[in-house]
K.L.:
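So that we are looking at the same thing, I have put the structure below in structure tokens.
Letters A, B, ... mirror the listed sequences (proteins, then strands); counts begin at 1.
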Amino acid sequence: MSIRVRFAPSPTGYLHIGGARTALFNWLYARHTGGTFVLRIEDTDAARNTQEAVDVILNGMRWLGLDWDEGPLTGDAKGPSKGDFGPYFQSQRGEIYKRRVQELKDKGFAYDHEGAVKFRMTREPVVIPDIVVGDVTRELTDREQADPDFVIVRSDGQPVFHFVNVVDDLEMNITHVLRGEDHLSNTAKHVAMFKAFGVEPPKYGHIPLILNIDGSKMSKRDKGASLNTYQEEGFVPEAVVNYLSLLGWSPKNNREKLTMEELIQLFDVPGILRSNAKFDFEKLHWLDGEYIREMSPERFRQLGLEALQRAKFPLEKFPADYVNAALDTCRGKVKNFAELGPYAGFYFADEVTVAPEAIAKDFTPENLPRLKKLRDAFARLEEFKATNLEQALKAIAAESGVKAGVLVHPTRMACTGNTAGPSLYHLLEVLGKETVLNRFDAALAQV
RNA sequence: GACCCUAUGGUCUAGCGGUUAGGACACCUCCCUUUCACGGAGGUAGCCCGGGUUCGAUUCCCGGUAGGGUCGCCA
């Protein structure tokens with residue numbers, strides 16, 4: 001029988017990074033096995049569900065490259081979808097739930113209670129077969145012993161999560177459920193309901209949670225908890241996917257960088273770990289840098305352009321060739337596109353600021369004559385090209401009896417306002433003679 | 001309070017009775033170099049604790065401790 005898995009997020013207005021990882025694992029499992037990946041929107045809590053909130057999820061999934069075989073085509077609950085098991089919005093499945101509630105009542109597993117409907121839960125310990133952690137025998141807690149039954153339909157007529165989740169998995173023929181470990185305890189309820197329906201439950205696999213770096217639970221407000229921040233801060237989606245795949249799963253061969261194709265090939269349930277993982281921003285940052293360095297020049301230009309536009313640089317004031325040339329000097333230098341603004345901002349500024357401390361350090365009285373000579377040598381250059389610039393600077397350094405660095409640092413500071421940046425000679429070429437001389441003069445005037 | 005899961009350097013992890021405990025991020029040193037980044041060489045740092053089982057435990061069992069999760073007419 002073909003494997004059918006699903007990702008069933010609730011439209012809360014953002015896509016939690018842990019939810020994205022859950023989606024990824026399910027997607028990888030479907031692709032690895034040649035199965036079907038279903039996207040179902042759990043919007044039973046009508047009050048806080050909006051089309052915008054659903055779009056956030058769809059956009060996030062698409063950004064990561066996780067396509068679904070069945071599910072909504074738009075964020076509109078009443079809109080089009082694909083697949084034979086719809087509707088894929090729970091808000092549209094009311095009739096199915098009504099029928100299933102009646103079935104439970106008829107079988108004696110459900111009863112009315114003060115306007116709500118409750119499920120008659122077993123009083124015995126429930127064995128939860130879990131393909132990740134093994135069989136888990138779940139005993140009733142003290143509170144559950146006092147009242148084991150739980151509400152499946154609210155008094156306002158709305159069915160609750162535990163019930164619709166089970167009904168949908170059943171109706172949609174879901175064979176495997178990979179979900180966060182926070183659902184493990186509740187799975188006893190789900191298993192009991194499947195039994196009440198007389199149906200074998202799907203194979204459950206509870207994957208470990210993603211925690212903050214300090215070990216606390218990563219909740220909505222924590223930095224980096226929303227996938228959206230990675231989209232907005234210019235991360236490469238492949239890097240995010242790669243990093244996420246390494247949290248709670250291991251290829252077990254010391255590989256760190258894996259393409260989507262490799263992930264699909266290697267991903268399997270036995271590789272899923274059992275312990276929670278802390279989100280290490282530094283490692284994601286490293287991976288992002290790897291992907292940025294290896295991407296094509298064209299894509300680097302494109303993503304770099306978008307990042308600079310987000311950062312509100314007045315790019316329209318510059319020729320496209322200039323912007324591209326500027327971007328090209330940054331390739332292999334930044335590990336994240338959000339760094340591009342501070343790194344390359346001097347290309348698009350009217351003037352740069354050179355800190356007084358930098359003037360004091362680099363533009364010393366003894367260095368001043370050399371810098372003036374350099375400035376004039378630059379001014380005399382017919383062709384303002386990197387090779388010529390390098391030649392000129394090294395010639396001045398040689399005849400002055402100093403290392404190139406003595407001239408390089410002040411020049412960089414004068415032209416960019418920074419101590420680090422793209423290759424000096426190349427950035428000077430891009431900046432052009434006029435700008436370089438202007439900035440040189442402005443810095444010299446500060447001495 | 002009860003129930004459940006987990007436990008290898010700071011972080012992600014390999015390991016599945018005998019290993020100099022391996023890799024990656026981060027950090028430190030050096031080399032390369034026009035800065036940074038990259039690359040190269042090296043380094044600091046780890047099996048939570050206590051009992052068993054065994055000739056031998058990081059590895060198996062039990063207990064403790066710690067972390068996380070769950071017990072909603074939220075999902």
K.L.:
Check the orientation of A/His206 and A/Tyr204. Use parallel for under 30°, tilted for 30 to 60°, and perpendicular for over 60°.
P.N.:
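Correct class here is parallel.
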K.L.:
Among the nucleotides B/C4, B/U35, B/A26, which one has an atom lying closest to any side-chain atom of A/His409?
P.N.:
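Nearest nucleotide to the side chain: B/U35.
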K.L.:
Could you tell me whether the side chain of A/Ser155 has a donor or acceptor atom within less than 3.5 Å of a complementary atom in the base of B/C73?
P.N.:
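Pair found.
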K.L.:
Using the six-membered ring of A/Phe378, assess whether NZ or CZ of A/Arg380 lies under 6.0 Å from its centre and within 45 degrees of the ring axis.
P.N.:
no
K.L.:
In whole angstrom, give the distance that lies between atom CD of A/Glu139 and atom C1' of B/C3.
P.N.:
8 Å
K.L.:
A/Val133 side chain: which of B/U34, B/C74, B/U6 is closest?
P.N.:
B/U6
K.L.:
For B/C74, does either OP1 or OP2 sit under 4.0 Å from a side-chain N or O belonging to A/Arg154?
P.N.:
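Indeed, a polar side-chain atom of A/Arg154 lies that close.
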K.L.:
Who does B/U35 pair with, Watson-Crick or G-U, both distances under 3.5 Å?
P.N.:
none
K.L.:
For B/C30, which nucleotide in any strand shown is its Watson-Crick or wobble partner with both distances under 3.5 Å?
P.N.:
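Here B/C30 is engaged in a pair, and the nucleotide opposite it is B/G40.
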K.L.:
Could you please name the partner base of B/C60, counting Watson-Crick and G-U wobble pairs only when both distances are under 3.5 Å?
P.N.:
B/G52
K.L.:
Please confirm whether any donor atom in the side chain of A/Ser423 sits under 3.5 Å from an acceptor in the base of B/U34, or the reverse.
P.N.:
yes
K.L.:
Please give, in whole Å, the distance from B/G39 C1' to A/Trp286 CH2?
P.N.:
14 Å
K.L.:
Side chain of A/Glu282 only, heavy atoms from C-beta on: which candidate in B/A26, B/A75, B/G68 is closest?
P.N.:
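Per side-chain heavy atoms of A/Glu282, the pick is B/A26.
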K.L.:
A/Leu273 has an atom CG; how far is it from atom C1' of B/U8, in whole Å?
P.N.:
12 Å
K.L.:
Please tell me which of the listed nucleotides, B/C3, B/U34, B/C38, lies nearest to the side chain of A/Arg293?
P.N.:
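Among the listed nucleotides, the one closest to the side chain of A/Arg293 is B/C38.
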K.L.:
Which of these nucleotides, B/U34, B/G69, B/U35, is closest to any side-chain atom of A/Ser185?
P.N.:
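The answer is B/G69, which lies nearest to the side chain.
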K.L.:
Which nucleotide, if any, forms a Watson-Crick or G-U wobble pair with B/U65, using both distances under 3.5 Å?
P.N.:
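The base-pairing partner of B/U65, which may sit in any strand shown, is B/A7.
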K.L.:
Using a heavy-atom cut-off of under 4.0 Å over every strand shown, decide if A/His206 touches base, sugar-phosphate, or nothing.
P.N.:
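If one applies the 4.0 Å heavy-atom cut-off, A/His206 turns out to touch nothing in the nucleic acid.
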K.L.:
Please check if the number of heavy atoms outside A/Lys252 that lie under 6.0 Å from its NZ is greater than 12.
P.N.:
yes
K.L.:
Spell out yes or no: do the side chain of A/Lys333 and the base of B/U35 have one donor N/O and one acceptor N/O closer than 3.5 Å?
P.N.:
yes
K.L.:
What integer distance in Å separates A/Asp130:CG from B/G69:C1'?
P.N.:
13 Å
K.L.:
Consider the side chain of A/Ala116, meaning its heavy atoms from C-beta on, and name the nucleotide among B/C71, B/C73, B/A75 that approaches it most closely.
P.N.:
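Looking only at heavy atoms from C-beta outward on A/Ala116, the closest nucleotide is B/C73.
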K.L.:
If we call it a pair only when both distances are under 3.5 Å in a Watson-Crick or G-U wobble match, what pairs with B/A2?
P.N.:
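Across any shown strand, B/A2 pairs with B/U70.
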K.L.:
Under the side chain to side chain donor-acceptor pair (under 3.5 Å) criterion, do A/Asn336 and A/Glu233 qualify, and how do the steps go?
P.N.:
CA-CA 8 Å; A/Asn336 176 253; A/Glu233 289 186 14; 6.0 Å; no
K.L.:
To the side chain of A/Ser10, which of B/A75, B/C38, B/C25 is closest?
P.N.:
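Within the option list, the nearest is B/A75.
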